[in-house]
Amino acid sequence: ETANSNNIVDRVEKSDVIWFTGGNQLRLTTFLGGTKLMEVLHRRYFNDENFLIAGTSAGAAAASESMIYMGSSKEALLKGSVQITGGLGFIKGVIIDTHFVKRGRIGRLIQAVTGNPSMLGIGLGEDTGLLIKEGNKMEAIGSGLVIIVDGKKIKQTNITEIPIGSPISIENIVLHVMSLYDTYDLETGEMRINSE
């Protein structure tokens with residue numbers, strides 16, 4: 001109800017920046033999906049170059065079209081242990097995971113990408129983020145690392161043949177590691193390492 005109120009919609013219409021905090025990404029998508037607020041956010045994000053959307057933790061994880069909403073790091077490469085649903089839809093063709101290095105979430109992102117190889121996995125380390133310009137040009141910011149998991153060149157996997165709870169095998173998944181000011185183009189798949 002609040003996300004459909006004229007008062008909230010008017011505030012977003014006049015805002016320059018919207019910040020999504022952490023917490024629970026499924027809560028964000030459940031309460032905001034299909035509302036007037038989301039309609040305005042999408043229209044402004046995709047059409048107004050002076051409008052910025054940012055998020056931390058769950059707010060960053062929910063920004064993509066598809067998102068991880070559940071899955072243990074410890075059992076991440078067992079089929080079915082990672083759950084994916086629709087996100088807020090600001091970034092197309094990616095799945096984002098946060099608290100990536102400290103919580104050892106590489107397995108979660110690998111399983112998500114193996115099951116959806118057209119999606120690029122983005123793992124955000126602590127004190128690290130991505131600045132995305134023009135909808136597809138990403139630049140690493142902060143003091144940590146961004147891990148990119150690319151499944152487009154997977155040669156084979158057993159994920160479709162094994163029962164739920166079984167270990168997943170994958171051949172030829174590609175990883176990139178970005179640090180401060182490195183860039184990655186979502187359209188071309190080209191990464192540039194900052195040499196300064």
Side-chain angles (χ1 to χ4, degrees), residues 12 15-22 25 28-29 32-33 37-69 82 84-101 105-106 108-154 172-196:
V12 171
S15 298
D16 296 320
V17 178
I18 297 295
W19 177 263
F20 287 95
T21 61
Q25 57 264 40
L28 285 172
T29 59
L32 299 179
L37 174 62
M38 280 308 300
E39 288 175 26
V40 171
L41 287 170
H42 276 187
R43 178 178 45 77
R44 293 212 52 214
Y45 180 76
F46 290 111
N47 299 308
D48 183 350
E49 63 185 45
N50 296 315
F51 183 66
L52 178 68
I53 290 182
T56 186
S57 192
S64 54
E65 209 168 32
S66 297
M67 69 175 191
I68 296 171
Y69 74 93
V82 176
I84 298 169
T85 191
L88 297 175
F90 298 117
I91 311 164
K92 309 288 184 198
V94 303
I95 298 174
I96 300 169
D97 208 350
T98 58
H99 306 290
F100 197 70
V101 177
R105 290 185 166 167
I106 186 75
R108 281 182 15 151
L109 199 55
I110 287 174
Q111 182 173 161
V113 169
T114 301
N116 301 277
S118 66
M119 298 285 185
L120 189 73
I122 299 174
L124 299 175
E126 289 67 25
D127 191 35
T128 308
L130 281 174
L131 178 60
I132 303 174
K133 298 178 185 175
E134 301 171 31
N136 63 353
K137 294 178 179 26
M138 303 190 307
E139 180 180 337
I141 56 176
S143 64
L145 301 173
V146 176
I147 310 298
I148 305 288
V149 179
D150 187 345
K152 292 178 186 73
K153 295 184 180 175
I154 291 175
N172 207 50
I173 198 158
V174 176
L175 295 176
H176 306 286
V177 180
M178 298 173 66
S179 60
L180 187 62
Y181 304 134
D182 291 345
T183 61
Y184 188 94
D185 190 312
L186 288 169
E187 219 168 75
T188 65
E190 182 180 353
M191 179 176 162
R192 290 182 185 263
I193 295 176
N194 178 46
S195 57
E196 296 176 14

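Between Phe100 atom CZ and Leu109 atom CG the span is 4.5 Å, to the nearest 0.5 Å. The CD atom of Glu134 lies 9.5 Å from the CD atom of Glu187; values are rounded to the nearest 0.5 Å. In this structure, CD on Gln111 lies 9.0 Å from CD1 on Ile68, to the nearest 0.5 angstrom. The CE atom of Met38 lies 6.5 Å from the CG atom of Leu32; values are rounded to the nearest 0.5 Å. Atom CG in Leu131 sits 11.0 Å away from atom CE in Met138 (nearest 0.5 Å). Once rounded to the nearest 0.5 Å, the distance linking CG of Leu88 with CD of Gln25 reads 10.0 Å.
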Indicate every side-chain donor-acceptor pair of residues 112-123 with a distance under 3.5 Å to a residue at least two apart or in another chain.
from: Thr114; atom 1: OG1; to: Ile110; atom 2: O; distance (Å): 2.7
from: Asn116; atom 1: ND2; to: Ala112; atom 2: O; distance (Å): 3.0

CA sep, side-chain torsions, deciding dist, call: Leu175, Ile106, side-chain contact (heavy atoms from CB on, under 4.5 Å): CA-CA 10 Å; Leu175 295 176; Ile106 186 75; 4.2 Å; yes
From CA spacing to verdict: side-chain contact (heavy atoms from CB on, under 4.5 Å), Asn47, His42: CA-CA 8 Å; Asn47 299 308; His42 276 187; over 6 Å; no
Chi angles and distances behind the side-chain contact (heavy atoms from CB on, under 4.5 Å) call for Val149, Ile173: CA-CA 7 Å; Val149 179; Ile173 198 158; 3.7 Å; yes
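Open room surrounds CZ on Arg192; 12 or fewer heavy atoms of other groups in view lie less than 6.0 Å from it.
Every residue meeting the ring pair (Phe, Tyr, Trp, His ring centres under 6.0 Å) condition with Tyr184, not counting sequence neighbours, appears here in chain and number order: His176. Partners of Asp185 by salt bridge (charged side-chain N to carboxylate O under 4.0 Å, His left out), not counting sequence neighbours, listed by chain and number: Lys137. Applying the side chain to side chain contact (heavy atoms under 4.5 Å, CB included) criterion to Ser64, with sequence neighbours excluded, gives Met67, Val94, Ile96. A search for ring pair (Phe, Tyr, Trp, His ring centres under 6.0 Å) contacts involving Phe20 returns nothing, not counting sequence neighbours. The side chain to side chain donor-acceptor pair (under 3.5 Å) search around Asn194 returns none, not counting sequence neighbours.
Looking at Tyr181 and Thr183, their side chains never come closer than 4.5 Å, going by heavy atoms from C-beta outward. Considering only heavy atoms from C-beta on, Asp182 stays 4.5 Å or farther from Glu139 through its side chain. Within the 4.5 Å cutoff, no side-chain heavy atoms of Leu37 are placed close to those of Glu39. Side-chain contact between Ile148 and Met178 is present, with heavy atoms from C-beta onward closer than 4.5 Å. Ile141 is not listed as a side-chain neighbour of Leu130, based on a closest heavy-atom distance of 4.5 Å or more.
Remark: the backbone N or O of Phe51 is not paired with any side-chain donor or acceptor of Arg44 at under 3.5 angstrom. Here the side chain of Ser15 pairs no donor or acceptor atom with the backbone of Val17 at under 3.5 angstrom. Formation of a donor-acceptor pair under 3.5 Å by the Ser57 side chain with backbone atoms of Gly22 is not found in this model.
Residues Leu145 and Ser179 share a closest heavy-atom pair of CD2-CB, 4.1 Å. The two residues Ala62 and Leu28 have their closest heavy-atom pair at CB-CD1, 4.1 Å. In terms of heavy-atom proximity, Gly142 sits nearest to Leu180 at O-CD1, 3.5 Å.
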